[in-house]
Protein chains: 2
Amino acid sequence: MQVAMVQDQVRVIKALAHPARLEIARALAEGEKSVGDLQALVGGDLSTVSKHLTLMRRAGWIDCRKHGQQVLYRLACACLPTFLRCIDEIAVRSSDCDC
Amino acid sequence: MQVAMVQDQVRVIKALAHPARLEIARALAEGEKSVGDLQALVGGDLSTVSKHLTLMRRAGWIDCRKHGQQVLYRLACACLPTFLRCIDEIAVRSSDCDC
DNA sequence: GCCAAGTTTGGCAATTTTGTCAAATACGAA
DNA sequence: TTCGTATTTGACAAAATTGCCAAACTTGGC
């Protein structure tokens, strides 16, 4: 496994390793949303949300398109549900016993 | 989705969001290994590797057992290959075009 | 008991990530 | 063009993560 490849993979993982970004990913799994829509969901400054989205887009998780004044974001990968199922499974198990 | 649950999920994701930890996970997918074995693989200080392993264990990705003076670590979840396949797919796609 | 090998823990500086404000940009409507 | 809404970018302080060293455990063999 090449170093550059591992770094890309880590960048992909880090892009979801944040509460707001994980919630954004879940929301986009249900359909396209604007930056404002997502801010209403996760809170915080609009510029913060915009930066989260840039990060996720650079990593490859999401795509965007312009629609009037808005920028609509949507999932770019079909494997998110599978990914989340795996995470959920482990999260439930680890919260049972934090020894 | 509850706040505590999201935090647990983020902890699980973060546990693989590091080059050394991702390589450790891949290595353990092939079988049990000691801390020393893993240090030989990823380099760095032994204590650093040990801390990575503690983090991954707390998150729920791995388990360990004592065997003489050694501590043998192994994967605790079956979904790692699925997880990695998803990450690889996105990593390959995003490295095509970093616009 | 004592020693050596293997591992973990505590402390701490260096680096990276995060969030907010202000300013800049993009676009449609009047 | 000018205005108003939507979004992005730059700068910077606060917070979290990382990696190394030294010291502390733990276990098996003598």
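To find a chain, count down the sequence lines: A is the first, B the second, and so on, and within it residues start at 1.
Here B:Asp88 does not pair with B:Arg85 in a salt bridge; the nearest charged N to carboxylate O distance is not below 4.0 Å.
Extent of DNA chain C lying under 4.0 Å from chain B heavy atoms, first and last nucleotide in 5' to 3' order, is C:dA5 to C:dG11.
Among the protein residues, A:Leu53 comes within range of no part of the nucleic acid, since none of its heavy atoms lies under 4.0 Å from any strand. Within 4.0 Å (heavy atoms only), A:Lys51 reaches at least one base atom of the nucleic acid. Across all strands, B:His52 comes closer than 4.0 Å only to sugar-phosphate atoms, never to a base (heavy-atom distances).
Between A:Gln70 and A:Ser47, the one whose closest nucleotide on DNA chain D sits nearer the 5' end is A:Gln70. Taking for each of A:Gln69 and A:His18 the nucleotide of DNA chain C with the nearest heavy atom, the 5'-most of the two is the partner of A:His18. Summary of the strand contacts: B:Ser34 and A:Arg21 both lie near DNA chain C, and taking for each the nucleotide with the nearest heavy atom, the more 5' one is attributed to B:Ser34.
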### Message
I'd like to know whether A:Cys79 forms a disulfide bond (SG atoms under 2.5 Å apart) with B:Cys86, so could you lay out the CA-CA distance, the side-chain angles of the two residues, the decisive distance to 0.1 Å, and finally the verdict.
### Response
CA-CA 6 Å; A:Cys79 64; B:Cys86 173; 2.2 Å; yes
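The CZ atom of B:Arg11 sits 9.0 Å away from atom CZ of B:Arg58, with the distance rounded to the nearest 0.5 Å.
A side-chain donor from one of A:Arg26 and B:Gln9 sits under 3.5 Å from a side-chain acceptor of the other.
Rounded to whole angstrom, the span from the CG atom of B:Leu46 across to the P atom of D:dC21 amounts to 12 Å. D:dC12 atom C1' lies 14 Å from atom CG of A:Asp45, rounded to whole Å. Protein atom CG of B:Leu16 is 15 Å distant from nucleotide atom P of D:dT17, rounded to whole Å. At whole-Å resolution of the value, CD in B:Gln39 and C1' in D:dC20 are 12 Å apart. Atoms CZ (B:Arg11) and P (D:dT17) sit 11 Å apart, rounded to a whole Å. The CG atom of B:Leu72 sits 14 Å away from the P atom of D:dT27 (whole-angstrom rounding).
Minimum heavy-atom separation, A:Leu80 to A:Ala29: CD2-CB, 4.2 Å. Between A:Leu75 and A:Ala25, the shortest heavy-atom contact is CD2-O, 4.2 Å.
Contact annotation: A:Ser50 side-chain N/O to D:dT7 OP1/OP2 distance is not under 4.0 Å. Checking the phosphate oxygens (OP1, OP2) of D:dT27, no side-chain nitrogen or oxygen of B:His67 falls inside 4.0 Å.
Checked against the 6.0 Å centroid criterion, the rings of B:Phe83 and B:Trp61 qualify as a close aromatic pair.
For B:Lys66, the side-chain atoms get nearest to D:dT26 when compared with the rest of D:dT5, D:dA22, D:dT26.
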